[in-house]
A.B. asks: 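Attaching a single structure in structure tokens format; questions to follow.
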Amino acid sequence: MLEKIGKEVRNRVTSLLYTLGYIGKLLTASTLFITRGGIAARKILIMQLLFTFVEALPICCILGIGIGTSILLIGNTLLLSIGQANLTYTLMALVIVREFGPILVAFVITARSATAIATEISSNVVNHEIEAYIATGVDPINHLAAPRFLGVTFSTILLSIYFSIFGLLLPAFVVQFISTISITDYFNNLFTALEIKTILISILKSLIFGMIISTSATYYGFNAGRSSTEIPMAGLHAVSKAFVLIILANAFITVLSYIL
């Protein structure tokens, strides 16, 4: 019994050390990518930005407009009834920029890109393409993981910014048809309520969420087994772990921002 427990502990410690080593290697490779990235790897980065940022931009903008309009209408109606209508803009800045923007964008990217990345890399593992990279002297982390890490991380930040822009600005034109709020008053109140701290926290969250998504996707992609049935499992593990870590990271940053 003790031997079994000891073996399990050793396996967990080994797995933890391997994970930490992989994260360190991925961060190092991504940092040096600008100077050492080859032409092929740069093309992977461009394609990742195209898939993760450009193709996901319409859905994120639509989400921002819909959620921003809903919060404006609900918040204005509720707070107006208690004589605190100006708090609507503070509510919008906090909910859209600091909370909903980063986490909803992260969920969209996880559903789209984490699955695709983990599936693609695990397919390379199953088809022995990773071994071919190593045999020819190409580091698969530098060539495959680093550009995807950078592409997903930058895309998460950019999509979060666009989500906030559309979620804050476009509702001003939508509510003209159903409310008496003037555009001038709307923007004046909105920019007064929007603080630098809120923007910085939003960017920090997006940065961390992007790093979580890309690391989880590449990690589980590289750790797929040799069977073809491991390919969908790699995508499933990458997505589920990314969702959990994003929620935990979001809660941690939110609590920390209120404490500090």
A.B. asks: Looking at CD1 of Ile201 and CD1 of Ile253, how far apart are the two atoms once the value is rounded to the nearest 0.5 Å?
C.D. replies: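 The CD1 atom of Ile201 sits 9.0 Å away from the CD1 atom of Ile253.
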A.B. asks: Between Ser216 (side chain) and Ile212 (backbone), is there a donor-acceptor pair under 3.5 Å?
C.D. replies: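 Side chain of Ser216 to backbone of Ile212, a donor-acceptor pair under 3.5 Å: no, none is there.
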A.B. asks: Cation-pi between Arg98 and Tyr258: NZ/CZ under 6.0 Å from ring centre and within 45° of the ring axis?
C.D. replies: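 Checked: cation-pi criterion met.
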A.B. asks: Counting only heavy atoms from other residues, nucleotides and ligands, does the tally under 6.0 Å from CG of Leu16 exceed 12?
C.D. replies: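 Correct, the count exceeds 12.
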A.B. asks: Decide yes or no on side-chain hydrogen bond (donor to acceptor under 3.5 Å, both in side chains) for Lys197 and Ser257, but give the supporting numbers first.
C.D. replies: CA-CA 9 Å; Lys197 180 182 177 181; Ser257 66; 5.7 Å; no
A.B. asks: Counting only heavy atoms from other residues, nucleotides and ligands, does the tally under 6.0 Å from CZ of Phe252 exceed 12?
C.D. replies: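 No.
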A.B. asks: Hey, what do you get for CD1 (Ile74) to CG (Leu72), rounding to the nearest 0.5 Å?
C.D. replies: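 It is 10.0 Å, given to the nearest 0.5 Å.
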A.B. asks: Could you tell me if the side chain of Leu245 sits less than 4.5 Å from the side chain of Thr215, heavy atoms only?
C.D. replies: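 Sidechains of Leu245 and Thr215: no contact.
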A.B. asks: Can you confirm whether or not the ring centre of Phe154 sits under 6.0 Å from the ring centre of Phe53?
C.D. replies: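 No.
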A.B. asks: Around Tyr162, counting heavy atoms of other residues, nucleotides and ligands shown, do more than 12 lie under 6.0 Å from its OH?
C.D. replies: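 Incorrect, the count does not exceed 12.
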A.B. asks: About how many Å separate CD of Gln48 and CD1 of Ile117, when rounded to the nearest 0.5 Å?
C.D. replies: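 Here the interatomic distance stands at 4.0 Å.
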A.B. asks: Verify, without hydrogens or angle tests, whether Thr31 (side chain) and Leu27 (backbone) share a donor-acceptor contact under 3.5 angstrom.
C.D. replies: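 Present.
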A.B. asks: Which heavy atom of Ala172 sits nearest a heavy atom of Phe187, and at what distance?
C.D. replies: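 Scanning both residues completely, I find the closest heavy atoms to be CB-CZ, 4.1 Å.
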A.B. asks: Any sub-3.5 Å donor-acceptor pair from Asn127's side-chain atoms to Glu129's backbone N or O?
C.D. replies: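 Not a single qualifying donor-acceptor pair exists.
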A.B. asks: How many angstroms lie between CZ in Phe166 and CG in Leu57, if you round to the nearest 0.5 Å?
C.D. replies: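 The CZ atom of Phe166 sits 6.5 Å away from the CG atom of Leu57.
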A.B. asks: Can you measure from CE (Met211) to CG (Leu26) and round to the nearest 0.5 angstrom?
C.D. replies: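 So the CE of Met211 and the CG of Leu26 are separated by 8.5 Å.
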A.B. asks: Search all heavy atoms of Ala249 against all heavy atoms of Ile208 and return the closest pair with its distance.
C.D. replies: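 Scanning both residues, the minimum pair turns out to be CB-CG2, 4.3 Å.
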A.B. asks: Looking at side-chain heavy atoms only, is the closest gap between Met92 and Tyr186 below 4.5 Å?
C.D. replies: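 Yes, at least one pair of side-chain atoms sits under 4.5 Å.
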A.B. asks: Using the side chain to side chain contact (heavy atoms under 4.5 Å, CB included) rule, pick out the option among Cys60, Ser164, Ser206 that qualifies with Val105.
C.D. replies: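 The passing option is Cys60.
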A.B. asks: Could you state whether Phe51 and Phe209 fall into the same hydrophobic cluster, counting links through intermediate Ile, Leu, Val, Met, Phe, Trp or Tyr residues with side-chain heavy atoms under 4.5 angstrom apart?
C.D. replies: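 They do not share one cluster, since no chain of ILVMFWY contacts under 4.5 Å joins Phe51 to Phe209.
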A.B. asks: Starting from Leu200, can I reach Val97 by hopping between I/L/V/M/F/W/Y residues whose side chains sit under 4.5 Å apart?
C.D. replies: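 In one cluster with Val97: Leu200, no.
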A.B. asks: Closest approach of Asn142 and Ala29, non-hydrogen atoms and distance?
C.D. replies: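 Looking at all heavy atoms of both residues, the shortest contact is OD1-CB, 2.9 Å.
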A.B. asks: Is there a side-chain contact (heavy atoms from CB on, under 4.5 Å) between Lys205 and Ile103? Walk through the geometry before answering.
C.D. replies: CA-CA 8 Å; Lys205 283 187 176 183; Ile103 198 165; over 6 Å; no
A.B. asks: For Ile213 and Ala106, work out which heavy atoms get closest and say how close.
C.D. replies: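 Looks like CD1-O, 3.5 Å.
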A.B. asks: Can you name the nearest heavy-atom pair linking Leu49 to Gly151, along with the distance?
C.D. replies: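 Scanning both residues completely, I find the closest heavy atoms to be CD2-O, 3.6 Å.
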A.B. asks: Please work out whether the ring planes of Tyr18 and Tyr219 are parallel, tilted or perpendicular, with thresholds of 30° and 60°.
C.D. replies: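 Answer is tilted, since the angle falls between 30° and 60°.
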A.B. asks: By the definition side chain to side chain contact (heavy atoms under 4.5 Å, CB included), identify the one residue from Ile231, Ile130, Asn223 that meets it with Val125.
C.D. replies: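 Answer after filtering Ile231, Ile130, Asn223: Ile130.
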A.B. asks: Are Tyr220 and Ile247 connected in the hydrophobic side-chain network, where two residues link if heavy atoms are under 4.5 Å apart?
C.D. replies: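 Cluster IDs for Tyr220 and Ile247 match.
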A.B. asks: Quick check: does any side chain N or O of Asn250 sit under 3.5 Å from a backbone N or O of Ile246, one acting as donor and the other as acceptor?
C.D. replies: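 Such a contact is absent between Asn250 side chain and Ile246 backbone.
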A.B. asks: May I ask you to test the Phe163-Cys61 pair for a side-chain heavy-atom distance under 4.5 Å?
C.D. replies: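 No, their side chains stay 4.5 Å or more apart.
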A.B. asks: Looking at Leu256, I'd like to know if its CG atom is crowded, meaning that more than 12 non-hydrogen atoms belonging to other residues, nucleotides or ligands lie closer than 6.0 Å.
C.D. replies: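 Count over threshold, so yes.
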A.B. asks: Indicate if Phe149 and Ile46 have the same hydrophobic cluster label, given that clusters are the connected sets of ILVMFWY residues with side-chain heavy-atom separations under 4.5 angstrom.
C.D. replies: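 Phe149 and Ile46: separate clusters.
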A.B. asks: Return the minimal non-hydrogen interatomic distance between Thr153 and Ser214, and the atom names on each side.
C.D. replies: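 Nearest pair, atom of Thr153 first, then Ser214: OG1-OG, 3.9 Å.
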A.B. asks: Does Phe173 share a hydrophobic cluster with Ile65, counting links as ILVMFWY side-chain heavy atoms below 4.5 Å and allowing steps through other members?
C.D. replies: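 Yes, one cluster joins them.
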A.B. asks: Which distance, rounded to the nearest 0.5 Å, do you find between the CG of Leu170 and the CD1 of Ile62?
C.D. replies: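 With rounding to 0.5 Å, CG (Leu170) is 11.0 Å from CD1 (Ile62).
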A.B. asks: Report yes or no: does Ser122 contribute a side-chain atom to a donor-acceptor pair with the main-chain N or O of Ala224 at less than 3.5 Å?
C.D. replies: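 Side chain of Ser122 to backbone of Ala224, a donor-acceptor pair under 3.5 Å: no, none is there.
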A.B. asks: Are any of the side-chain heavy atoms of Lys25 and Asp139 separated by less than 4.5 Å?
C.D. replies: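 A side-chain contact under 4.5 Å exists here.
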A.B. asks: Would you say the side chains of Thr218 and Tyr22 form a donor-acceptor pair under 3.5 Å?
C.D. replies: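 Their side chains do contain a donor-acceptor pair, which is all the 3.5 Å distance test asks for.
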A.B. asks: Before you tell me yes or no, could you show the steps for Phe33 and Leu45 under side-chain contact (heavy atoms from CB on, under 4.5 Å), namely the whole-Å CA-CA distance, both residues' side-chain angles and the distance that decides it to 0.1 Å?
C.D. replies: CA-CA 10 Å; Phe33 181 82; Leu45 172 60; 3.7 Å; yes
A.B. asks: Test your reading of the model: is there a side-chain donor-acceptor pair from Ser202 to the backbone of Thr198, 3.5 Å cut-off?
C.D. replies: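 Flag not set: sc Ser202 to bb Thr198 has no pair under 3.5 Å.
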A.B. asks: Are Tyr89 and Phe191 near enough that their ring centres are under 6.0 Å apart?
C.D. replies: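 Distance test on ring centres: not under 6.0 Å, no.
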